[in-house]
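Chain letters run A, B, ... following the sequence lines, proteins first, then strands; residues in each count from 1. Side-chain atoms are counted along with the backbone in the values below, which use heavy atoms only and exclude waters and symmetry mates.
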Amino acid sequence: MSMQQDMSKELQMHAEPAVYVYEAPIRIWHWINAFAIFTLALTGYFIGQPPPSIPGEPTFTFLFGYIRFFHFAAGYILLIGFLFRVYWAFAGNHHARQIFLPQVWRKDFWEGVVHELKWYFFLAKEPKKYVGHNPLATLIMHIMFVWGTIFMIVTGLALYGEGTGMGTWQYDWFSSWVIPLFGQSMDVHTWHRVGMWWIIIFVIVHIYAAVREDIMSRQTIISSMISGWRNFRDPSRKPGDEI
Amino acid sequence: MQATETFYDVMRRQGISRRSFLKFCSLTAAAMGLGPQYASQIAHAMENKPRIPVLWLHGLECTCCTESFIRSAHPLAKDVILSMISLDYDDTIMAAAGHQAEEALKDVVENYKGNYIVAVEGNPPLNEDGMYCIVAGKPFTEQLRYATEHCKAIISWGSCASYGCVQAARPNPTRATPVHKVITDKPIIKVPGCPPIAEVMTAVITYMLTFDKLPALDRVGRPKMFYSQRIHDKCYRRPHFDAGQFVESFDDENARKGYCLYKVGCKGPTTYNACSTIRWNEGVSFPIQAGHGCIGCSEDAFWDKGSWYARLQDIKAFGAESNADTVGTAAAAAVGTAVAVHAAASVVKRVAQKKGE
């Protein structure tokens, strides 16, 4: 065996297989959406618990008005982004569909969930490799993020429609049926706020899992959402599932 | 016969001048947001239409709706409405009593089938076969069913008839039930409020008599002309809300300056009613103007949507002092702690693995 052959074998061993997962529109959407959620949660928190009163002539101050304005503006960004994201589930690659359609009818999906849970409870030695989301992540994304966002969009538009009033699409399409469905306006406000905490909890788990898996699963997670490529640091272990 | 007498005849008989009558018509048109051209239509209707018999029933209630109604500040309104409609049964204000009163009710039901209006104040309690509210020796539920069987339409006066109000607040021991959940086959107009504004009540009746149809209702069944906007939308303290100037506690400097009552629990932003425009007692004032937040009395189950003095609603499932933020903070803190512990365990595992390698 020549020296050269040895070298190339060595190189091959260290090569990191990479897969293009997140297309550019997905990545842009992800960060715009993250920014919108941050703005919505921050301003939303203050809408329910207003900051200390400011003195002065109300003609020249519009602090609470601006807080609400930024909330509504970010809400529209979230809405339009989400509509685009749903469109991209059809137009984009097969990874783009993943969080909308967790493959709950497949046995190996649930085996994947169980294995992933074991991994998080320190019972499994190694996580399985997935090109997109792992099954547990897909499930959490679907339940907490997708449905959480839909819930916030629907209740949010219903509350917004109260201000725009009867005859506007926000009122006619949302407020008119959402408010009686929950009971009264106060209930929609309360549930919308519970929804905020639901999303905040999702964000905590999402960021933690992304950072942790980036380190522990020996594959890129965070940089993938910037570059689009997922690198696997251990070439010996191939992606286990190509959902 | 009484039924052929028109509103106008009655008014003239009562010594009301034509000039006063026309004034009333314009004011009513304005109150209903109809525009000046409708004043003549109202006048025409009142001059030509026979009076419609109205049965005013009282269930489980406090009679605050009647108290409000008879204080209608609209010029002439109480005289006009009370003499205009043929109020054939109203046990609070009718002269007749006992069998005589019940006879009047029976008379209308039998002689004006499909042509009379039932106004319900209060609601029927359904527990113990309705024994918690007895009218003329029978459960109110029976009187309600009997009176509404052949009626043209029902007016649910106040939050009791519309939603249940205080007697239906948790745990609702008598199972007080709003009218629309007991009588399901009749058109029902809800005029919620505890009590509703007097001018709103008189205007709803005037509209129905004038145009011979129900006013436009929203999805909940409330007349759009009075319940399509929130107290907040027309509140005179709204500039302070937008500016971020709030009363922090009652009797602080901000309260004296008349800042927004949002932080001390004003329910104006979630309450559909006309208080901030029509106001009360001849337009003298309304709760917010008096320095107290709106308690949301015209909203469904407002007794259970407390506290009236906090912006965020109480969540009863998690103990006495919970709201969305205490529940949310606790949940986020629990998840955050779990994440921190998990992260620490992950580090330990990794260090152990590194050592093993």
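Contact tally against chain B (heavy-atom pairs below 4.5 Å) for Pro180(A), Pro52(A), Ser176(A), Ala209(A): the top residue is Ser176(A). Taking chain B as the reference chain and counting heavy-atom pairs below 4.5 Å, the highest number among Arg68(A), Gln49(A), Glu57(A), Met186(A) is found for Met186(A). The residue among Arg311(B), Arg230(B), His240(B) with the most heavy atom pairs within less than 4.5 Å of chain A is Arg230(B). Taking chain A as the reference chain and counting heavy-atom pairs below 4.5 Å, the highest number among Glu253(B), Lys257(B), Lys349(B) is found for Lys349(B). For the options Phe46(A), Phe121(A), Tyr208(A), Phe62(A), heavy-atom pairs under 4.5 Å to chain B are most numerous at Tyr208(A). Per-residue counts of heavy-atom pairs under 4.5 Å with chain A were compared for Asn323(B), Asp300(B), Asp325(B); the largest is that of Asp325(B). In terms of heavy-atom pairs under 4.5 angstrom with chain B, the leader among Pro55(A), Gly48(A), Gly65(A), Pro50(A) is Pro50(A). Options Lys224(B), His232(B), Gln245(B), Glu299(B) differ in how many heavy-atom pairs under 4.5 Å they form with chain A, and the most are formed by Gln245(B). Between chain A and the residues His342(B), Lys267(B), Lys263(B), the largest count of heavy-atom pairs under 4.5 Å involves His342(B). The candidate from Glu162(A), Met216(A), Met196(A) with the greatest count of non-hydrogen atom pairs under 4.5 Å with chain B is Glu162(A). The most heavy-atom pairs under 4.5 Å with chain A, out of Asp242(B), Val247(B), Val335(B), come from Asp242(B).
Contact annotation for Trp177(A): both backbone and side-chain heavy atoms come within less than 4.5 Å of a heavy atom of chain B. In this structure, the portion of Val220(B) lying under 4.5 Å from any heavy atom of chain A is its side chain and not its backbone. Using a 4.5 Å cut-off between heavy atoms, Gln229(B) does not touch chain A at all. Residue contact with chain A, scored on non-hydrogen atoms closer than 4.5 Å, involves the side chain of Asp233(B) exclusively. Neither the backbone nor the side chain of Ala338(B) comes within contact range of chain A, judged by heavy atoms closer than 4.5 Å. Of the two parts of Arg237(B), neither the backbone nor the side chain holds a non-hydrogen atom closer than 4.5 Å to a non-hydrogen atom of chain A. Looking at Ile207(A), neither its backbone nor its side chain comes within 4.5 Å of chain B, counting heavy atoms on both sides. Interface remark: Thr271(B) contributes no atoms to any contact with chain A (heavy atom separation under 4.5 Å). For Tyr163(B), no part lies under 4.5 angstrom from a heavy atom of chain A. Tyr45(A) touches chain B through its side chain: at least one heavy atom from C-beta onward sits under 4.5 Å away, while N, CA, C and O do not.
The aromatic rings of His206(A) and Phe202(A) lie parallel to each other, their planes meeting at an angle below 30°, with 60° marking the opposite boundary.
Considering every non-hydrogen atom in both Cys65(B) and Pro196(B), the closest pair reads SG-CD, 3.7 Å.
For the pair Arg350(B) and Ile215(A), the minimum side-chain heavy-atom distance is below 4.5 Å. Within the 4.5 Å cutoff, the side chain of Thr168(A) has heavy atoms near those of the Tyr171(A) side chain.
Annotation for Tyr76(A): atom OH counts as buried by contact number, over 12 foreign heavy atoms lying within 6.0 Å. Shown here is Phe250(B), whose CZ atom has more than 12 heavy atoms of other residues, nucleotides or ligands within 6.0 Å. Residue-environment remark: CH2 (Trp197(A)) exceeds the threshold of 12 foreign heavy atoms within 6.0 Å. Counted within 6.0 Å of CZ on Phe100(A), heavy atoms from surrounding residues, nucleotides or ligands total more than 12; the atom is thus considered enclosed. Sparse packing is recorded around OH of Tyr38(B), with 12 or fewer heavy atoms of other residues, nucleotides or ligands lying under 6.0 Å away.
Aromatic pair Tyr259(B)/Phe246(B): centroids not less than 6.0 angstrom apart.
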Chi angles and distances behind the side-chain hydrogen bond (donor to acceptor under 3.5 Å, both in side chains) call for His192(A), Thr155(A) | CA-CA 6 Å; His192(A) 193 65; Thr155(A) 52; 2.8 Å; yes
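Remark: the Thr220(A) side chain and the Arg230(A) side chain contain no N/O donor-acceptor pair separated by less than 3.5 Å. Of the N and O atoms on the side chains of Trp119(A) and Glu213(A), at least one donor lies less than 3.5 Å from an acceptor on the other residue.
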